[in-house]
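Take a look at the structure below.
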Amino acid sequence: MQPDLTERILQYLNEHERVDTLDLVPVFNVDHQKIIGALKSIQASGELVKAEQTSRKTLELTEEGKEVSKHGSHEAIVYYFIPLQGIPQTELMKSSPNAKVGFSKAMSQGWILVDKSTNPPLIKRKVDKIDDTVKLHLENLSKGEPIPDKLINDYKKRKLVQEIVTKSFILTKGPEFALVLTKLETDLTVDMLASGLWKNLKFKAYNFDSLGVPPERGHLHPLLKVRTEFRQIFLEMGFSEMPTNNYIESSFWNFDALFQPQQHPARDAHDTFFISHPSKSFKFPHEYLERVKHVHSKGAYGSQGYGYDWKIEEAQKNLLRTHTTAVSARMLYKLANQPDGFKPVKYFSIDKVFRNETLDATHLAEFHQVEGVIADVGLTLGDLIGTLYEFFRKLGITQLEFKPAYNPYTEPSMEIFCYHPGLQKWIEVGNSGVFRPEMLLPMGLPSNVNVIAWGLSLERPTMIKYGINNIRDLIGPKVDLKMVEEGPICRLEK
Ligand code: PHE
């Protein structure tokens, strides 16, 4: 095996004491760059060599110079083109692209003449034989031989040769000169310290210019980043977060408590995922459950109810919660039953819900809801509208429109639309309303307390914010982890 280039350089230096790295190019027949690379490796191992930077000017042929070195100078080509009897100048000029230069050079060399005795005048050879020294010189140069100093400038002007400056190093032996590189230690181990071995070892110097390896770390999914922003907005507005850590809910809290009749289509397996094991819940606040049953089947508090046969079996059915409003219902029930009476509250939640949807580019069977709830004495629809304007203003959305809607648990109910300047259209962003007395009064809330609430999805603003058109690019097995890794943090303009 050939010794390593570093060792060949050291060996050469040992024999020659002093060498210019450029001169090693023909010796080892490798690029100068490779030699410089090997020199860097040598230098990294200690002071084996001294390297002094220098530069050298060298001449090399231009493309035109290479042509001349192969086929002859322009003047020689012109000379040889001229037949014995002569040729009109116009004909001669057509002979080659460089005929004009060749003509004037051949004239000044005294190789050719213009015979004006004929009409048109003829260009004729003046001498029998010429020496194409230009070709010869350039040929020599291409073989690495020098050309006469006095001609260099002339050839440069004719753009046949060019000077290039090459930086190189003059190498001499350094204080730690050796014929082979010692492998430098990169780690100081306990063993080296204990045995004293470290004293005889050479250690690699720290490279403080190295960029370093980015530390491995987790990355937040865009949904989490947007959630953080929503949470911040709620906190700024004085809301506290509801405990939403139960994906499984009973139909009672998900539907019945919200005055959603038991035959409502949303309570169908086509819309809701029901749980098989355990399929039912059994612990409910008994008196409250009785009041819920009553308001559904017979009516109460001035409402005529739905007038159907309310069944506990239906309310017991477990499901994956279809909205976080189930948690809001639990929280409002708790609020109504505190020992020290009613106090106004502002609650929010941001968590996952599940619906048995037909999947498409914008719908999955699970998504996140952002929900806000305010309970206070004498709240009105005006309070809801004002709160929504403030909430969305903090998201950077100032143009809102409201459309009357229907929810079993709110009256009035409003869909929320906002104008999206980027998309240049009105888009639906949420749903809202004032909770019905049929929901609040069975819980035991004072009759002068109103509760306003709204909900929106977390996915929609996230997709808009991150420019994602297909929800499968945001969640699920097709998600590109690079998207998660490289996604910027979210700042909703406030
Ligand atoms: N629960 C509603 C939904 O799932 C959102 C909503 C919350 C509507 C609160 C009104 C009040 O769309």
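Quick caveat: nothing in here was measured; it's all calculated off a predicted structure. All ligand and atom numbering here is 1-based and tracks the order in the structure. Side-chain atoms are counted along with the backbone in the values below, which use heavy atoms only and exclude waters and symmetry mates.
- Distance OH/Y409 to CZ/F259: 14.0 Å, rounded to 0.5 Å.
- Using cut-offs of 30° and 60° on the angle between ring planes, the pair H323 and F255 is tilted.
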Pairs under 3.5 angstrom, nitrogen or oxygen on both sides, ligand 1 versus protein: list them out, please.
residue: ligand 1; atom: 1 (N); partner: H323; partner atom: ND1; Å: 3.3
residue: ligand 1; atom: 1 (N); partner: T325; partner atom: OG1; Å: 2.8
residue: ligand 1; atom: 1 (N); partner: Y409; partner atom: OH; Å: 2.9
residue: ligand 1; atom: 4 (O); partner: R355; partner atom: NH2; Å: 2.8
residue: ligand 1; atom: 4 (O); partner: Q369; partner atom: NE2; Å: 2.8

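- Using a 4.0 Å cut-off between charged side-chain N and carboxylate O, K352 and E366 make a salt bridge.
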F252/S281 under side-chain contact (heavy atoms from CB on, under 4.5 Å): CA gap, chis, key distance, verdict: CA-CA 9 Å; F252 180 77; S281 287; over 6 Å; no

Verdict with supporting geometry, Y288 and W253, ring pair (Phe, Tyr, Trp, His ring centres under 6.0 Å): CA-CA 11 Å; Y288 171 50; W253 288 109; 5.6 Å; yes

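- Between R267 and D256 there is a side-chain heavy-atom pair separated by less than 4.5 Å.
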